[in-house]
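Have a look at the structure below, then the notes.
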Amino acid sequence: MDTDYKYEPKNGLTRWLDSRLPLMRFTSEHVLQFPTPKNLNYFWTFGFILTMCLVTQIITGIILAMHYAPSTLLAFDSVEHIMRNVNYGWLIRYIHSNGASMFFLAVFIHMFRGLYYGSYKEPREVIWILGCIIYLLMIVTAFMGYVLPWGQMSFWGATVIINLVGTLPLIGESLTQMLLGGFAVDNPTLNRFFSLHYLLPFIIFGVVLLHIWALHVPGNNNPVGLSVQGKQDTVAFHPYYTVKDFFAYTVFLLLFCYFIFYNPNALGHADNYIEADAMVTPAHIVPEWYLLPFYAILRAVPDKLAGVLLMFGAIAVLFFLPWLDTAKVRSGRYRPVFRYFYVLFVIDCLILGYLGAQVPEGIYLFLSRVTTIYYFAFFLLVLPILGRIEKMKPMPIGISNSELSRDMVAAE
Amino acid sequence: MSDTLDNDKPTRRDFLYITTGAFGVVGAASVAWPLIDQLNPDASVKAVSTIEVDISSIEPGSFLKVAWRGKPIYIRRRTNEEIADAEKDDNLNLPDPQKDIDRVQKKEWLVVVGVCTHLGCIPIANQGEYEGWFCPCHGSHYDISGRIRKGPAPTNLEVPPYEFVSDSLIKIG
Ligand code: HEM
Ligand code: FES
């Protein structure tokens, strides 16, 4: 960027260090003084919130692993042991379990933000794709984590999801056995899931670094979607956005604490406090809330393979978003028709989430078909076509004049 | 060294590159295989256990659920009406066509793996529109022969390998 700030070491020690390990230069240029568009709103604080979520999960997870026993004979009891005997074990476990939900809440807002403001468009395609990889890894990590307490939902959720893989033609069956390490979910499955659940957050951490690296090449997008044209458009990251980020994180923590301290099991399922039983399926298997929209898509079609392909397709389509949306204008602010489709899409995802928790019969089945169709139509029809025919609203000339010209548009 | 610049002619060095590369790939693959294969079911899991089940206590119209290889097996003693029901539907347009007689050794006894062929839940006996099994997970209905009739499951409930040791004893596996 042309607003690049250059770090100058001030004394002998920092000059010495700078020519050996330019750590201070890096921190200064890429964190403290990083030129950031001055018009970012609170939706831009979720990247920081997500980073804090990841750190929280890693710290609490490592502690839980000190007391947890990955064996079908011990797992369920060791979790109860954490809850009852380990000092503050209940707190650490509730932070970790509710933390996963908060992580997904934040990532959904983060992604819907990107979708609205066109943050996936040229030159930020790679940032978006890395984000999709992070999201996919988060789903896998959360799924494996949910198996560890070895309750009924753990067991049957795992059974259903691993069997999804079995629907793939040819390789399906051997792949399933490879995941399970047997013919049904059992001790080998639990052990490998524990190992991978420990590993994946660190992989996520690595991809997040790439994600931020890629972000620091073009710099942030912003609510008007125009590129930064010069110094007048940016402020230093510190203190302007450090303060804003921390404030937003504090508010986020209030909600987090509400769940931890007042309603720690609201987002979980009571059946997971019953130890896993391979001979009895619970009456109603539901995944965690953040997977419900995909679960609804899975069950919307009566055909097994088609259901599975659609469900994976719902995530795969995100990877192609930068090329599906043909509009050159980034921000939804200047796309009057897109806005309606966008709002409808958000509502559609919420309804899908609701339907994922219902029995797929009658009106629920019908609704999940309609919402599934719109989910895909939004990406595959609306975005490619709308970008070509939509008449955009007048755009400001630059970030610094955006407020001014918005008033002008309003006055017209 | 001017002859090495002539790209058209393979040189001794090209040969060395290719053979070294090929050996490297084979070497890497042979190290990778144990790392992958350890994921597969191990010897203790594969040592297929057979179980023997005493079926003398099962009344007509009722069933017994036993565990085999970590999965439930339904052993169902069918009444004459149930057998008639199952055979009556033999020639309907079934999703996974199979005659009842091909699914049993003795008409009275139906032995099936109690794992839904959709995504692996355990179907509940005596429920659903066909009064065979109903899978609560995504709504698959099976008939009294364990055949899929309605819902997302693609195939009939699997029949495990079994034999009658005597009139009152079944060996599964
Ligand atoms: C562990 C999860 C994630 C972390 C820690 C993370 C972190 C961040 C951070 C720190 C930023 C810069 C500040 C901001 O824009 O808020 C950012 C930007 C961005 N993220 Fe993520 N992210 C995560 C997941 C995702 C996912 C799943 C997506 C979408 C598929 C995504 C898409 C983006 C995009 C497009 C940007 C550039 C935004 C802009 O500047 O307008 N991120 N991310
Ligand atoms: S697992 Fe039985 S219907 Fe899906």
Side-chain angles (χ1 to χ4, degrees), chain A residues 72 152 155-167 174-189 191-192 195-196 276-287 295-296 298-308 311 356 358-362 364-365 368, chain B residues 33-49 63-74 95-96 113-125 127-129 133-141 148-156 158 160-161 172-173:
Chain A
T72 51
Q152 273 289 65
F155 184 92
W156 289 102
T159 300
V160 168
I161 300 298
I162 294 178
N163 274 303
L164 289 180
V165 179
T167 60
S174 40
L175 205 60
T176 314
Q177 286 192 5
M178 221 178 236
L179 285 172
L180 291 170
F183 305 104
V185 174
D186 211 331
N187 202 44
T189 326
N191 275 296
R192 65 194 56 187
S195 169
L196 294 175
D277 182 347
M279 293 296 130
V280 187
T281 308
H284 191 188
I285 298 184
V286 271
Y295 200 54
L298 167 75
R299 302 186 303 174
V301 268
D303 181 74
K304 182 164 149 177
L305 183 61
V308 174
M311 188 184 72
Q358 309 306 317
V359 183
E361 277 169 6
Y364 295 127
L365 185 60
S368 49
Chain B
W33 177 241
L35 302 182
I36 295 168
D37 191 41
Q38 55 80 26
L39 289 170
N40 279 316
D42 63 36
S44 73
V45 174
K46 270 198 297 207
V48 179
S49 56
F63 65 89
L64 189 68
K65 193 160 110 179
V66 294
W68 174 68
R69 277 186 173 187
K71 292 176 185 172
I73 301 280
Y74 281 108
D96 181 15
V113 179
V115 172
C116 181
T117 57
H118 182 225
L119 297 173
C121 291
I122 300 181
I124 303 166
Q127 279 194 19
E129 287 173 25
W133 283 268
F134 172 68
C135 181
C137 290
H138 318 97
S140 289
H141 301 256
I148 179 67
R149 301 299 291 269
K150 188 177 166 196
T155 57
N156 302 334
E158 192 192 332
I172 300 172

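For the numbers below, each heavy atom of this structure counts, side chains included, while hydrogens, waters and symmetry mates do not. In what follows, every chain begins at residue 1, and chains take the letters A, B, ... in the order their sequences are listed. On a predicted model such as this, the values are computed, not experimentally measured, just so you know.
A/Thr159 is not listed as a side-chain neighbour of B/Cys121, based on a closest heavy-atom distance of 4.5 Å or more.
In terms of heavy atoms, B/Gly70 sits closest to A/Ala184 at O-CB, 4.0 Å. Residues A/Pro188 and B/Val45 share a closest heavy-atom pair of CG-CG2, 4.4 Å.
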Which pairs would a plain distance check flag for residues 276-285 of chain A, meaning a side-chain donor or acceptor within less than 3.5 Å of a matching protein atom at least two apart in sequence or in another chain?
from, atom 1, to, atom 2, distance (Å)
A/Asp277, OD1, A/Met279, N, 2.8
A/Thr281, OG1, B/Ile122, N, 2.7
A/His284, NE2, A/Ala357, O, 3.4

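Contacts between A/Phe155 and chain B at a heavy-atom distance below 4.5 Å are absent for every atom of the residue. Contact of B/Lys65 with chain A is made through the side chain alone, with heavy-atom distances under 4.5 Å.
Looking only at heavy-atom pairs under 4.5 Å with chain A, the residue among B/Gly139, B/Gly120, B/Ala67 that has the most is B/Gly120.
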Going through the checks in order, is the side chain to side chain contact (heavy atoms under 4.5 Å, CB included) test met by B/Leu119 and A/Leu298?
CA-CA 11 Å; B/Leu119 297 173; A/Leu298 167 75; 4.0 Å; yes

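In this structure A/Ile161 satisfies the side-chain contact (heavy atoms from CB on, under 4.5 Å) test together with A/Phe143, A/Leu164, sequence neighbours excluded.
Panel note: side chain A/Arg299, backbone B/His138; no donor-acceptor pair is recorded below 3.5 Å.
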